Number of protein chains: 2
Amino acid sequence: MKSTVISAAAVPPALPGAARPAGPGLPDFELIELLFFAYRDFVGEPDRLLAKHGFGRAHHRVIHFINRHPGLTVAELLDILEITKQSLARVLKDLIQGDFVEQKAGAEDRRQRLLFLTDKGRALADGLAAMQHQRIARAVMAIGPEHRPMIARFLAELIDKERGAAPATASPVP
Amino acid sequence: MKSTVISAAAVPPALPGAARPAGPGLPDFELIELLFFAYRDFVGEPDRLLAKHGFGRAHHRVIHFINRHPGLTVAELLDILEITKQSLARVLKDLIQGDFVEQKAGAEDRRQRLLFLTDKGRALADGLAAMQHQRIARAVMAIGPEHRPMIARFLAELIDKERGAAPATASPVP
DNA sequence: AAAATTACGTCAATGATGTTGACATATTTC
DNA sequence: GAAATATGTCAACATCATTGACGTAATTTT
């Protein structure tokens with residue numbers, strides 16, 4: 001074989017030149033790439049557990065937010081996920097048929113379908129959350145837990161601000 | 001109309017209960033969700049620029065890494081992206097036909113196809129990087145630039161370590 | 001009470017991105 | 001010359017998203 005120095009290219013966090021602290025006008029390639037690789041692994045581990053149930057990332061997001069907000073309506077879930085109801089319908093059908101999620105008609109407004117996790121669904125949601133929690137907890141330990149608020153602040157600042165706040169912005173659902 | 005308090009559910013960073021600082025045994029839902037929303041917006045803005053060229057996220061990643069490592073081989077790019085050559089082939093074909101990327105046979109090993117951006121490709125790559133840079137720079141400003149190394153450290157800790165098999169980081173103890 | 005709106009579901013077609021598996025071609029190495 | 005390597009390509013398929021159209025039940029408006 002040739003001296004095919006595959007280079008450090010295969011090693012995400014150690015890309016050559018990545019350590020330069022955001023020069024003058026140069027994009028912050030280090031953080032841009034770290035976000036890419038970090039997020040990939042952050043969702044990659046749950047993906048493998050989900051696959052054992054025949055589920056994907058979309059199913060993860062749905063059971064996560066139902067777990068977080070039991071009794072969520074379909075419309076509210078669509079607002080959070082920012083997908084179409086047709087996209088949601090597919091994964092929701094899988095989750096209901098697999099007995100991970102159940103629907104109850106709203107008490108006040110009986111058109112609404114309130115979403116709840118079954119015990120089975122909660123077990124899966126907890127398992128997935130535990131994976132992601134542990135990964136985050138390890139990273140928080142590494143930087144020192146006193147710096148966790150700064151991580152939260154940083155991530156919050158990455159989020160588009162004009163979205164929530166007011167119902168002024170028309171919801172994209174036709 | 002009913003008093004349909006659509007709730008704060010549509011407002012990612014202000015989900016009720018999200019502010020609790022990782023209780024005893026409870027998953028760190030705040031950071032888990034912040035990562036989700038932050039990454040979505042982080043890639044969402046570039047997506048809209050890419051769409052004007054008829055491209056998607058996969059094209060973004062390809063031109064990003066070719067921009068970062070001009071002369072990269074196809075095999076190295078596959079290692080970084082962790083996708084199959086068939087997946088890469090499709091987007092690479094788009095980029096080459098659109099004159100954003102060009103290939104040159106390797107000087108030493110003429111089987112290799114070294115990948116370079118054209119001026120057009122570099123312009124697009126720079127535009128995309130500028131978007132992501134500005135978003136990150138804003139967030140770094142918000143927390144104070146002196147804390148940027150902690151962000152980098154945190155994100156690096158989220159990444160799977162066993163992948164590289166590279167000499168770069170300390171070898172995993174014999 | 002009739003009409004309009006809302007919440008949700010569903011059918012159908014399409015696109016972007018990923019996968020496996022098989023095979024071809026050129027080049028380099030043994 | 002044979003074997004291994006780097007790349008390309010054809011074909012089938014899965015997941016997750018989209019748009020558009022239509023239907024049904026329940027609520028609100030008039």
Side-chain angles (χ1 to χ4, degrees), chain A residues 1-7 9 40 43-44 46-48 50-51 53-62 71-79 81-97 101-115 167 170-174, chain B residues 1-7 9 40 43-44 46-48 50-51 53-62 71-79 81-97 101-115:
Chain A
M1 188 203 244
K2 254 196 125 272
S3 64
T4 328
V5 172
I6 299 268
S7 91
R40 182 171 67 181
V43 297
D47 278 353
R48 294 191 287 276
L50 289 157
H53 295 272
F55 295 150
R57 245 170 246 187
H59 301 83
H60 185 180
R61 298 197 275 259
V62 168
L72 198 69
T73 69
V74 170
E76 287 168 340
L77 188 49
L78 289 174
D79 275 352
L81 298 177
E82 294 181 2
I83 58 176
T84 59
K85 61 180 174 178
Q86 295 91 329
S87 290
L88 176 58
R90 194 176 348 97
V91 303
L92 205 47
K93 184 181 154 200
D94 294 341
L95 291 170
I96 291 170
Q97 287 183 348
V101 168
E102 57 184 0
Q103 293 181 314
K104 297 176 185 172
E108 294 178 36
D109 187 337
R110 291 186 19 233
R111 291 171 302 180
Q112 295 181 332
R113 297 289 177 268
L114 310 187
L115 302 170
S171 75
V173 182
Chain B
M1 182 200 260
K2 221 166 160 297
S3 64
T4 330
V5 172
I6 300 270
S7 92
R40 182 172 67 182
V43 298
D47 278 354
R48 294 191 286 274
L50 288 157
H53 295 272
F55 295 150
R57 250 172 241 187
H59 301 84
H60 185 181
R61 298 197 275 259
V62 167
L72 198 69
T73 68
V74 170
E76 286 168 341
L77 188 50
L78 289 175
D79 276 352
L81 298 178
E82 294 182 0
I83 57 175
T84 59
K85 62 178 173 178
Q86 295 91 328
S87 290
L88 176 58
R90 197 174 339 101
V91 302
L92 205 46
K93 184 181 155 202
D94 294 340
L95 291 170
I96 291 170
Q97 288 183 347
V101 168
E102 58 184 0
Q103 292 180 314
K104 297 175 185 173
E108 294 179 35
D109 187 338
R110 293 190 14 237
R111 291 171 303 180
Q112 295 182 333
R113 297 289 177 267
L114 309 187
L115 302 169

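These figures come from a predicted structure and were not determined experimentally. A, B, ... follow the sequence lines: proteins, then strands. Residue 1 opens every chain.
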Looking at [X], I'd like to know whether one of its side-chain N or O atoms comes within less than 4.0 Å of OP1 or OP2 on [N].
X: Ser87(B); N: dT19(C); answer: yes
X: Arg40(B); N: dA17(D); answer: no
X: Thr84(A); N: dT18(D); answer: yes

Specify the separation, in whole Å, of atom [atom1] of [X] and atom [atom2] of [N].
X: Leu88(B); N: dT9(D); atom1: CG; atom2: P; answer: 11 Å
X: Leu78(B); N: dT5(D); atom1: CG; atom2: C1'; answer: 14 Å
X: Leu92(A); N: dC16(D); atom1: CG; atom2: C1'; answer: 15 Å
X: Leu81(A); N: dC8(C); atom1: CG; atom2: P; answer: 14 Å
X: Leu115(B); N: dA6(D); atom1: CG; atom2: C1'; answer: 12 Å
X: Arg110(A); N: dT6(C); atom1: CZ; atom2: C1'; answer: 15 Å
X: Glu82(B); N: dT20(C); atom1: CD; atom2: P; answer: 13 Å
X: Leu50(A); N: dG18(C); atom1: CG; atom2: C1'; answer: 16 Å

For this session: Could you check Asp94(A) against Arg113(A) and say which one's nearest nucleotide on DNA chain D is further toward the 5' end?
Result: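 Whichever sits nearer the 5' end wins; that is Asp94(A).
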
For this session: Taking all heavy atoms of Ala58(A) and all of Val91(A), pick out the closest pair and write down the distance.
Result: CB-CG1, 3.6 Å

For this session: Of all the heavy-atom pairs spanning Arg113(A) and Arg110(A), show the shortest one and how long it is.
Result: NH1-O, 3.3 Å

Please pick, from [options], the nucleotide with the shortest atom-to-atom distance to any side-chain atom of [X].
X: Ala58(B); options: dG18(C), dT28(C), dT7(D); value: dG18(C)
X: Gln112(B); options: dT19(C), dA6(D), dT27(D); value: dA6(D)
X: Arg57(B); options: dT19(C), dT28(C), dT17(C); value: dT17(C)
X: Lys85(A); options: dT27(D), dC8(C), dT27(C); value: dC8(C)
X: His59(A); options: dC16(D), dT7(D), dT27(C); value: dC16(D)
X: Ile83(B); options: dT9(D), dG18(C), dT28(C); value: dG18(C)

Exercise. Is there a donor N/O on one and an acceptor N/O on the other, under 3.5 Å, for the side chain of Gln86(A) and the base of dG20(D)?
Worked result: yes

For this session: Would you kindly check whether a donor in the side chain of Arg111(B) faces an acceptor in the base of dT5(D), or vice versa, at under 3.5 angstrom?
Result: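 Looking at the base of dT5(D), it does pair with a donor or acceptor on the side chain of Arg111(B) (distance under 3.5 Å).
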
Exercise. How would you label the contact of Arg90(A) with the nucleic acid (heavy atoms, under 4.0 Å): base, sugar-phosphate, or nothing?
Worked result: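 Base contact - Arg90(A) has a heavy atom under 4.0 Å of at least one base atom.
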
For this session: Assign His60(A) to base, sugar-phosphate, or nothing according to its heavy-atom contacts below 4.0 angstrom with the strands shown.
Result: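 Since no nucleic acid heavy atom lies under 4.0 Å of His60(A), the category is nothing.
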
Seminar exercise, completed: By nearest-heavy-atom nucleotide on DNA chain C, the more 5' of Gln103(A) and Gly106(B) is Gln103(A)

Approximate separation, where rounding is to 0.5 Å, of [X] [atom1] and [Y] [atom2]:
X: Glu76(A); Y: Leu78(A); atom1: CD; atom2: CG; value: 10.0 Å
X: Leu88(B); Y: Leu115(B); atom1: CG; atom2: CG; value: 7.5 Å
X: Leu50(B); Y: Arg57(B); atom1: CG; atom2: CZ; value: 9.5 Å

For this session: Without swapping roles, check the side chain of Arg40(A) against the backbone of Leu81(B) for a donor-acceptor pair under 3.5 Å.
Result: yes

